[in-house]
Q: 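Got a structure here, written out as structure tokens. Questions coming.
Quick note: residue numbers are just sequence positions, from 1.
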Amino acid sequence: MSVTSLRERLRAALKPAMKARDLGAVSALRSALAAIDNAEAIDAGDVRAGAMEESPLGLGAAEAVRRELAEGEIEAIVRREIDERRSAATEYDRLGAIDRRDRLNAEADALAALL
């Protein structure tokens with residue numbers, strides 16, 4: 001039995017959500033994937049400029065290796081995305097914005113289903 005990573009499940013769920021025109025799920029999945037990508041970015045403070053003559057040449061020669069997140073770190077990011085949506089939904093409910101509350105809860109449910 002093949003065990004797929006959470007990131008793979010998020011990506012795999014995106015295409016069917018797009019085909020079904022489930023805008024809430026598409027938004028939540030894209031947001032979670034972007035949050036994971038952002039967490040993998042290197043710290044800009046680590047990059048140092050040097051003399052032009054010492055610059056690497058060729059396609060991709062100056063690319064920096066991105067961080068690799070453990071499965072637990074990715075799960076924590078997705079859980080944080082869910083918590084943010086649930087918290088905002090609670091606030092919208094308090095304000096009487098039922099449509100926004102329902103949309104955020106649906107987005108949170110779409111992400112929670114993949115954990």
Side-chain angles (χ1 to χ4, degrees):
M1 183 168 148
S2 173
V3 178
T4 59
S5 72
L6 179 54
R7 180 196 313 253
E8 290 169 346
R9 292 194 306 270
L10 291 168
R11 284 189 180 137
L14 185 57
K15 191 171 184 178
M18 290 171 72
K19 283 185 177 182
R21 297 181 193 264
D22 185 347
L23 300 180
V26 170
S27 174
L29 292 165
R30 284 183 173 165
S31 177
L33 288 166
I36 293 166
D37 287 343
N38 287 342
E40 290 179 329
I42 62 167
D43 184 13
D46 294 342
V47 179
R48 302 204 190 285
M52 194 164 158
E53 297 82 24
E54 296 174 8
S55 297
L57 300 174
L59 182 62
E63 293 286 323
V65 177
R66 296 178 67 84
R67 291 182 45 216
E68 284 196 34
L69 299 177
E71 188 67 17
E73 292 171 308
I74 292 173
E75 184 176 326
I77 291 168
V78 174
R79 287 190 187 282
R80 194 168 39 246
E81 290 281 314
I82 293 168
D83 292 343
E84 287 173 3
R85 282 170 173 73
R86 298 261 191 240
S87 175
T90 301
E91 185 63 22
Y92 280 127
D93 186 45
R94 188 182 68 75
L95 296 171
I98 305 304
D99 56 332
R100 290 183 181 173
R101 176 204 65 193
D102 292 344
R103 186 187 61 200
L104 287 171
N105 279 328
E107 289 180 12
D109 292 342
L111 291 176
L114 297 172
L115 288 178

Q: Are the side chain of R85 and the backbone N or O of A108 linked by a donor-acceptor pair below 3.5 Å?
A: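 Checked: no pair found.
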Q: Atom CG in L29, atom CD in E107: separation rounded to 0.5 Å?
A: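 Taking CG in L29 and CD in E107, the distance rounds to 9.5 Å.
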Q: Tell me the closest heavy-atom pair linking A88 and L104, and the distance in Å.
A: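 For A88 and L104, the tightest heavy-atom pair comes out as CB-CD1, 3.6 Å.
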Q: What is the minimum heavy-atom distance between E81 and S31, and which atoms define it?
A: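 What the structure gives for the nearest pair is OE1-OG, 2.8 Å.
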Q: Should I36 and I42 be regarded as members of a common hydrophobic cluster, given that ILVMFWY residues are connected when their side-chain heavy atoms come within less than 4.5 Å of each other, either directly or indirectly?
A: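 In one cluster: no.
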Q: Can you give me the closest heavy-atom contact between R67 and A39, atom names plus distance?
A: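 Shortest heavy-atom contact: NH1-O, 2.8 Å.
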Q: Can you give me the closest heavy-atom contact between A13 and L114, atom names plus distance?
A: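 Looking at all heavy atoms of both residues, the shortest contact is CB-CD1, 3.8 Å.
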Q: Is R86 atom CZ crowded by more than 12 heavy atoms from other residues, nucleotides or ligands, each under 6.0 Å away?
A: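 Yes - once you tally the heavy atoms of other residues, nucleotides and ligands closer than 6.0 Å, there are more than 12.
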Q: Report the distance from atom CD1 of I74 to atom CZ of R79, rounding to the nearest 0.5 Å.
A: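 Atom-to-atom, I74:CD1 and R79:CZ are 13.5 Å apart.
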Q: Hey, are E91 and R94 close enough for a salt bridge, meaning a charged N less than 4.0 Å from a carboxylate O?
A: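 Salt bridge present between E91 and R94.
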Q: Could you tell me the separation between the CG atom of L14 and the CZ atom of R9, rounded to the nearest 0.5 Å?
A: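 L14 atom CG to R9 atom CZ measures 15.0 Å (nearest 0.5 Å).
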Q: Which atoms form the tightest heavy-atom contact between Y92 and R101, and what is the distance?
A: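 It is CB-N, 4.0 Å.
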Q: Once rounded to the nearest 0.5 Å, what's the spacing between atom CG of L69 and atom CD of E40?
A: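 It comes to 4.5 Å.
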Q: State, to 0.1 Å, how close E71 and S5 come at their nearest heavy-atom pair, and which atoms those are.
A: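 In terms of heavy atoms, the two residues are closest at OE1-CB, 3.4 Å.
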Q: Could you tell me whether the side chain of L111 reaches within less than 4.5 Å of the side chain of L115, counting heavy atoms only?
A: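 Side chain of L115 against side chain of L111, heavy atoms only: no contact under 4.5 Å found.
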Q: Is the closest basic N to carboxylate O distance between R7 and D37 below 4.0 Å?
A: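 Here R7 pairs with D37 in a salt bridge, since their nearest N and O are under 4.0 Å apart.
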Q: Enter the distance from E68:CD to E73:CD here, rounded to the nearest 0.5 Å.
A: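 Reported value, rounded in 0.5 Å steps: 10.5 Å.
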